[in-house]
Structure formats: C-alpha cells, structure tokens
Amino acid sequence: MRRRGITACSLSVCLAAASFFGCRGPGPGVDHPKLRLNDIQVVATHNSYHVEPEAKLMTALRSVLGDAANGFEYTHMPLGQELDRGVRQLELDVFVDTPTGGHYATPKLVPLLGLAPVDPKMSEPGLKVFHVQEVDFRSTCPTFVSCLEAVKAWSDAHPRHLPIVIQIEAKDGAVADPANLGFVTPVPWSSAAFGSLESEISSVFPNDRIIRPADVKGRKPTLREAVLANKWPTLADARGKVMFTLDDTGAKRGMYRTLRPDVTDRLIFVAAAPPDDDAAYVVKNDPVDDAADIKSLVSQGFIVRTRADADTVQARSGDTSLRDAAWASGAQYISTDYLVPDERFTSYVGLLPSGETIRCNPVAAPKGCRPSQLTG
C-alpha cells in the first residue's frame with residue numbers, strides 16, 4: 001500500500017511555534033501542498049444529461065420490456081445545477097451523427113404516441129448526447145458541444161473549482177424493433193469519429209483548461225509508471241480544469257488508441273487497468289465484488305470510478321448497501337442517479353450518509369488532508 005505523509009514543517013519554524021500551535025498543515029481554504037487529484041473522493045452522476053421518457057412512452061416501453069423499462073425512469077437536473085450540488089464527475093453517452101445531422105431527430109414513437117418533438121438541436125450537425133435511440137432520447141443537452149458549453153459556463157463562473165471529470169461512453173448499439181417501425185441504426189464509431197470528438201472538445205475548452213495524459217506522464221516512460229510514481233497533478237494545479245475519460249474498452253478503446261498511439265498526444269484518458277502502459281483511470285462498477293481490486297488500485301495511485309446505484313433498483317428498495325460499499329472502497333468517483341430522493345420511491349440518495357458530496361479519500365489521502373482544503 002502506498003504511504004505518503006505531509007511535508008513536515010521546517011524544524012526551525014516548528015520549534016519556534018511549537019509552544020503555541022504545534023506543527024500543522026495548511027489552514028482552512030488553503031490547498032494542501034501534497035494533495036493530488038487522486039486523493040479526493042467525490043460524488044458523480046450516471047448519464048448526467050438524462051431525462052426520463054414521458055408517461056405515454058414509459059407505458060409503451062413497459063408493454064414490451066416489462067420491469068426492464070424501470071431503468072429509464074429517472075431524471076437529472078441540468079449539468080450546471082448538478083455541479084452546484086457538488087458533482088465533480090459527469091457522464092455523457094455520445095453518438096456519432098451523419099455529416100448534415102438529424103439522424104436521430106425523428107424517433108418513430110413520437111408521432112405514434114403524440115409526443116412532443118425532440119429538441120431542434122438534434123437536427124444540427126455534430127455529436128449527440130442521449131441514452132438510447134428511438135426509445136430514450138430526451139436530454140438536457142442534446143449535442144455534445146452544448147453539454148461542454150454548459151460545463152464551461154459553470155467553470156468560468158467558479159474558477160477555483162475542483163477539477164471536473166467528464167466520462168464519455170461512445171454509443172452505437174442497435175435496439176430491437178419488434179413492431180418493424182424502422183428504428184434507425186446508429187452511425188458506428190471509428191478512429192475518425194474519435195478525432196471529431198477531440199475537435200469538439202477543443203472547440204470549447206482550450207488546452208490549458210484540460211488535464212491531459214501528458215500532464216501526468218511527464219518524463220516517465222509510460223503513463224502507468226507515472227501514476228505509480230504519484231504524478232497526478234496537485235489540486236492547486238488542477239483547479240478550474242476539466243479532464244476527459246473514455247468509459248469504453250474493447251474495439252472502441254482500440255480505435256482511439258489507433259488514432260493517438262502516443263498518450264502524450266491524447267486529450268482523453270482511456271479506461272485501462274495495469275499492466276496496460278496507458279493505465280491511469282479504471283472503471284470498476286461493482287464496489288462489492290470489486291472491493292479488493294478497487295482498494296488495491298487506489299492504494300497504488302490509480303483513479304477509479306464505481307457506482308452507488310443502478311437501474312433505479314436502490315431508489316425503489318431504499319437499500320444503501322451498494323452505496324455504502326462504494327464510498328468505503330476508496331474509489332475517487334462515486335456515481336449515482338440520485339443527488340436528491342425520488343419521492344415516488346424512497347428517501348434513497350447516493351451521497352455519503354452525512355449528506356456530504358466530497359471528502360478526503362479514505363484509502364489514498366495524506367494524513368494532513370482536511371475537508372476545509374477541498375472546497376470548490
């Protein structure tokens with residue numbers, strides 16, 4: 001296990017002040033000089049853009065999917081409001097559109113059920129953000145750029161904020177069309193599409209506002225070795241910035257690696273575990289079964305994302321065991337669909353039992369870490 005102490009006060013200062021104050025770390029509101037991005041633990045949201053289908057659509061989905069449709073029944077507040085509540089990781093499902101846009105702008109069930117049209121932004125060119133084409137398509141920010149602009153507007157208004165991680169899931173899966181309505185097939189992801197993803201990121205955030213793999217790797221031979229050497233940026237250096245991660249593994253991760261084989265050229269951290277050379281950010285979504293792995297990874301310096309709840313199950317039952325395991329695991333980002341209770345179900349929320357949204361990491365933080373150093 002990694003053990004790190006705070007930098008000691010100089011002997012002369014400590015001796016001079018010992019009778020009054022003792023040797024202490026920074027005061028309230030002052031960044032601990034050794035506190036790094038991986039030393040915190042903070043609430044995240046799952047499918048942060050999501051707006052649940054309206055009642056008519058939910059009824060139709062339940063007639064086909066049964067209880068599996070329950071997983072669509074949650075709504076998040078706009079991204080800026082989530083950030084106001086202390087969220088510091090957002091998750092966006094991103095779809096490739098055709099060059100002229102509009103591929104997902106006319107869901108077949110909208111006219112059939114008499115639903116409101118989709119947001120006009122769905123007809124614009126560019127990457128789109130929603131959950132599932134044709135059946136779960138409402139979003140607080142339908143284009144990837146509009147989501148990023150919402151984050152940047154909030155960031156600009158809160159320049160001392162703790163870094164915001166934006167986790168991207170590259171979506172292109174087909175859905176069943178039992179009534180043969182002509183559901184659209186998503187545009188497949190490709191290395192070129194990942195190039196477009198980076199371009200849209202750069203159209204909103206300048207490089208000096210992005211924590212990139214190169215900022216961690218430095219002069220180390222690999223990103224993994226840099227993580228093991230405790231090279232994540234300090235919170236003092238990371239404030240006011242964003243960091244992008246790719247949730248996907250397999251073929252899609254391979255596409256991005258093909259596009260940017262040298263990690264120093266990437267804007268996005270891939271989800272990869274050691275011994276991969278580009279391992280830095282790891283997704284482990286089961287904090288019960290993966291508890292030992294999560295603790296080991298965090299102890300070594302890796303950043304881990306896990307989930308406190310899934311598919312509305314915990315909100316309906318009120319069971320907090322998964323949530324409690326997630327916060328106890330040491331994973332830095334604890335993802336939830338419930339910043340506030342859903343009054344239709346129970347009082348369940350994905351926050352710490354105390355209601356806090358951020359704390360010193362129970363596995364990784366140095367001994368001198370105090371909550372007063374984590375504001376922002």
Side-chain angles (χ1 to χ4, degrees), residues 40-79 81-93 131-132 135-136 138-140 165 167 169 247 283-295 298 304-363 371 374:
I40 62 175
Q41 192 176 48
V42 64
V43 72
T45 48
H46 162 256
N47 292 349
S48 309
Y49 57 85
H50 190 262
V51 177
E52 75 176 60
E54 44 269 81
K56 285 183 180 179
L57 183 49
M58 280 301 305
T59 298
L61 292 173
R62 281 205 172 93
S63 71
V64 176
L65 300 175
D67 288 345
N70 288 349
F72 297 152
E73 200 173 15
Y74 64 97
T75 292
H76 282 298
M77 56 193 72
L79 301 186
Q81 293 180 30
E82 293 181 41
L83 295 169
D84 282 338
R85 287 181 173 268
V87 171
R88 292 297 177 268
Q89 186 192 55
L90 302 166
E91 181 184 25
L92 304 176
D93 289 337
H131 191 212
V132 183
V135 298
D136 192 16
R138 305 296 185 187
S139 175
T140 61
V165 175
Q167 177 171 294
E169 183 175 353
D247 185 28
V283 176
K284 290 280 188 179
N285 282 331
D286 188 334
V288 175
D289 289 348
D290 294 333
D293 285 345
I294 293 172
K295 185 174 183 180
V298 172
V304 179
R305 181 260 200 183
T306 196
R307 292 188 68 174
D309 45 75
D311 300 323
T312 76
V313 171
Q314 287 72 28
R316 293 174 192 275
S317 69
D319 182 6
T320 64
S321 58
L322 193 72
R323 178 196 73 185
D324 296 344
W327 284 101
S329 72
Q332 286 86 354
Y333 296 101
I334 311 299
S335 181
T336 182
D337 285 320
Y338 298 95
L339 296 177
V340 296
D342 188 323
E343 295 179 355
R344 298 171 295 181
F345 306 142
T346 68
S347 61
Y348 174 86
V349 292
L351 313 181
L352 282 159
S354 62
E356 293 172 301
T357 60
I358 187 169
R359 67 175 176 177
C360 299
N361 192 291
V363 172
L374 305 180

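Computed from heavy atoms alone, side chains included, the values below leave out hydrogens, waters and symmetry copies. We number each residue from 1, following the sequence as shown.
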What are the two closest non-hydrogen atoms of [X] and [Y], and how far apart are they?
| X | Y | value |
| --- | --- | --- |
| Leu351 | Gly355 | CD1-O, 3.6 Å |
| Ser48 | Leu79 | O-CD2, 3.6 Å |
| Ala326 | Ile334 | O-CD1, 3.3 Å |
| Lys295 | Val363 | O-CG1, 4.0 Å |

Rounded distance (nearest 0.5 Å) linking atom [atom1] of [X] with atom [atom2] of [Y]:
| X | Y | atom1 | atom2 | answer |
| --- | --- | --- | --- | --- |
| Arg62 | Asp67 | CZ | CG | 7.5 Å |
| Asp289 | Ile294 | CG | CD1 | 10.0 Å |
| Thr140 | Arg138 | OG1 | CZ | 13.0 Å |
| Thr336 | His46 | OG1 | NE2 | 10.0 Å |
| Gln41 | Thr357 | CD | OG1 | 11.0 Å |
| Ser329 | Asp324 | OG | CG | 11.0 Å |

- Ring center gap for His131 and His50 short of 6.0 angstrom: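 Yes; His50 has its ring centre under 6.0 Å from that of His131.
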- Item | Stepwise side-chain contact (heavy atoms from CB on, under 4.5 Å) test for Gln81 and Leu339 | CA-CA 11 Å; Gln81 293 180 30; Leu339 296 177; over 6 Å; no
[X] and [Y]: side chain donor to acceptor below 3.5 Å:
| X | Y | result |
| --- | --- | --- |
| Asn285 | Thr306 | no |
| Glu82 | Thr45 | yes |
| Asp342 | Tyr74 | no |
| Asn47 | His76 | no |
| Arg316 | Thr346 | no |
| Asp319 | Tyr348 | no |

- May I ask you to decide whether Glu169 forms a salt bridge with Arg305, counting only side-chain N to carboxylate O separations under 4.0 Å? no
- Salt-bridge test for Lys284 and Asp293: reply yes if a basic N is under 4.0 Å from a carboxylate O, no otherwise. yes
- Message: So Pro287 and Leu322, do their side chains get closer than 4.5 Å, heavy atoms only?
- Response: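 They are in contact (side-chain heavy atoms under 4.5 Å apart), so the answer is yes.
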